[in-house]
2 protein chains.
Amino acid sequence: MNIGTAAKRSGVLAKTVRYYEGVGLIPPAMRRANGYRRYHDVDVQTLRFIHRARGLGFSVQSVADLLALWRDQNRASADVRDLALQHVDDVARKIQELETIRQALNDLIEKCHGDNRPNCPILADLAGITDGTDYDRRNDD
Amino acid sequence: MNIGTAAKRSGVLAKTVRYYEGVGLIPPAMRRANGYRRYHDVDVQTLRFIHRARGLGFSVQSVADLLALWRDQNRASADVRDLALQHVDDVARKIQELETIRQALNDLIEKCHGDNRPNCPILADLAGITDGTDYDRRNDD
DNA sequence: GCTTGACCTTACTGCTGCTGGAACGTGGAT
DNA sequence: ATCCACGTTCCAGCAGCAGTAAGGTCAAGC
């Protein structure tokens, strides 16, 4: 099959397949006489694997590692698990950061009237005004 | 003061200050006779504003919008609030995505023995094996 | 006067992970 | 003959900086 078919069957865009080849995530495809890349079912499987792993947020480098383990019949499942643990750790940390941000934003939003008047605790906070002054009676900036 | 001092006082790296000037987030600084950029307290205030806004995850473009509102004495606080609401929405969506990923990863990790043996439900899942077969009695790939 | 070291300047490259476009060749149907 | 969908390569661009090169400047110490 050509790249378009492999792309459709795997869920990876043809453009992205070429990119993956370019960065070495997948080996260079065999070519037909006309120069077209030729793919087989096994390649589609690999692309699906990649697609799922990327969907779980693994970096392209990590996907490369996972692929290597997948192909290694003598792998230890502990190595795969470690990769996943490392990743879930990163994800958890990222979630924490975003939760902190969300909380801070919600606090600020709650305090802001959101009307026609210029006074705004959000801007006041960004500007570094953090005292307890009633923002309705002062100039934020 | 020079850029290094402004950087230290604001928390923004000197390099980043130049970048912000380059992309138009802040106006070009006045120069001394020797070509050095010269900053004043008001610039440090602006940089701190930017630093905080970036810390809350606002994009550089959004920070530009916030800065414009900050400087606009006739702004409506509703406009600021809308920006914040839009952003907190994006953050919440991102958190949701990451939560979904985390859940999926944890489910997989839980199923994986993580020992010396090659059998690994994580790889099996990525490979698309999703039936209920006991993974201990089959070959994942 | 000279060196040292910290600071400043510009300009360019690289990072992640694609995505879009230009400019062109190919294949199959009408 | 023509058309369109598909394929090819290469180059540029997104965000938001960080790193590095190759220099200029300035104050302090000897």
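Throughout, protein chains are lettered first and strands after them, A, B, ... in sequence-line order, and every chain is numbered starting at 1.
- One can place CG of L13(B) at 15 Å from C1' of dC7(C), the figure rounded to the nearest angstrom.
- Straight-line distance from the OH atom of Y19(A) to the C1' atom of dC10(D): 16 Å, rounded to whole Å.
- When every heavy atom of L56(B) is checked against every heavy atom of I101(A), the shortest pair comes out as O-CG2, 3.1 Å.
- OP1 or OP2 of dT19(C) has at least one side-chain nitrogen or oxygen of T16(A) nearer than 4.0 Å.
- Closest contact between the side chain of R31(B) and the listed nucleotides dT19(C), dG16(D), dT9(C) involves dT9(C).
- Both S59(B) and N34(B) lie near DNA chain D, and the one whose nearest nucleotide falls closer to the 5' end is S59(B).
- Nearest to the side chain of K15(B), among dT20(D), dG16(D), dC8(C), sits dT20(D).
- Per the geometry, CD belonging to E21(B) stands 13 Å off C1' belonging to dC8(C), to the nearest Å.
- Atoms CG (N2(A)) and C1' (dG28(C)) sit 13 Å apart, rounded to a whole Å.
- Atom-to-atom, CE of M1(B) to C1' of dC7(C) comes out at 16 Å; the value is rounded to the nearest Å.
- Heavy atoms of R32(B) sit nowhere under 4.0 angstrom from any nucleic acid atom.
- The pair K94(B)-E97(B) meets the salt-bridge criterion, with a side-chain N (NZ, NE, NH1 or NH2) lying under 4.0 Å from an Asp/Glu carboxylate O.
- Residues passing the side chain to side chain contact (heavy atoms under 4.5 Å, CB included) test with N34(B) are R32(B), Y36(B), sequence neighbours excluded.
- dC6(D) atom C1' lies 17 Å from atom CZ of R38(A), rounded to whole Å.
- Comparing atom distances between the R54(A) side chain and each of dC8(C), dG17(C), dA18(D) picks out dG17(C) as nearest.
- Comparing T5(B) and V60(A) against DNA chain C, the residue whose closest nucleotide sits nearer the 5' end is T5(B).
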Name the atoms and distances for all side-chain donor-acceptor pairs under 3.5 Å in residues 39-50 of chain B, with sequence neighbours left out.
unit_1: D43(B); atom_1: OD2; unit_2: H40(B); atom_2: N; d: 2.7
unit_1: T46(B); atom_1: OG1; unit_2: V42(B); atom_2: O; d: 3.1
unit_1: R48(B); atom_1: NH1; unit_2: R9(B); atom_2: O; d: 2.7

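- Atom P of nucleotide dG17(C) and atom CG of L25(A) are separated by 10 Å, given to the nearest angstrom.
- Here the C1' atom of nucleotide dG13(D) and the CD atom of Q61(B) are 17 Å apart, to the nearest Å.
- In this model, a side-chain donor or acceptor of Y36(A) finds a partner on the base of dG25(C) within 3.5 Å.
- For Y20(B) and dG16(D), the shortest distance from a side-chain N or O to OP1 or OP2 is not below 4.0 Å.
- Here dC7(C) is the nucleotide among dC7(C), dG20(C), dA11(C) with the atom lying nearest to any side-chain atom of K8(B).
- When each of N119(A), D115(A), N116(A) is tested with S77(B) by the rule side-chain hydrogen bond (donor to acceptor under 3.5 Å, both in side chains), just one qualifies, namely D115(A).
- Distances shown here put every side-chain N or O of R37(A) at or beyond 4.0 Å from the OP1 or OP2 atom of dG7(D).
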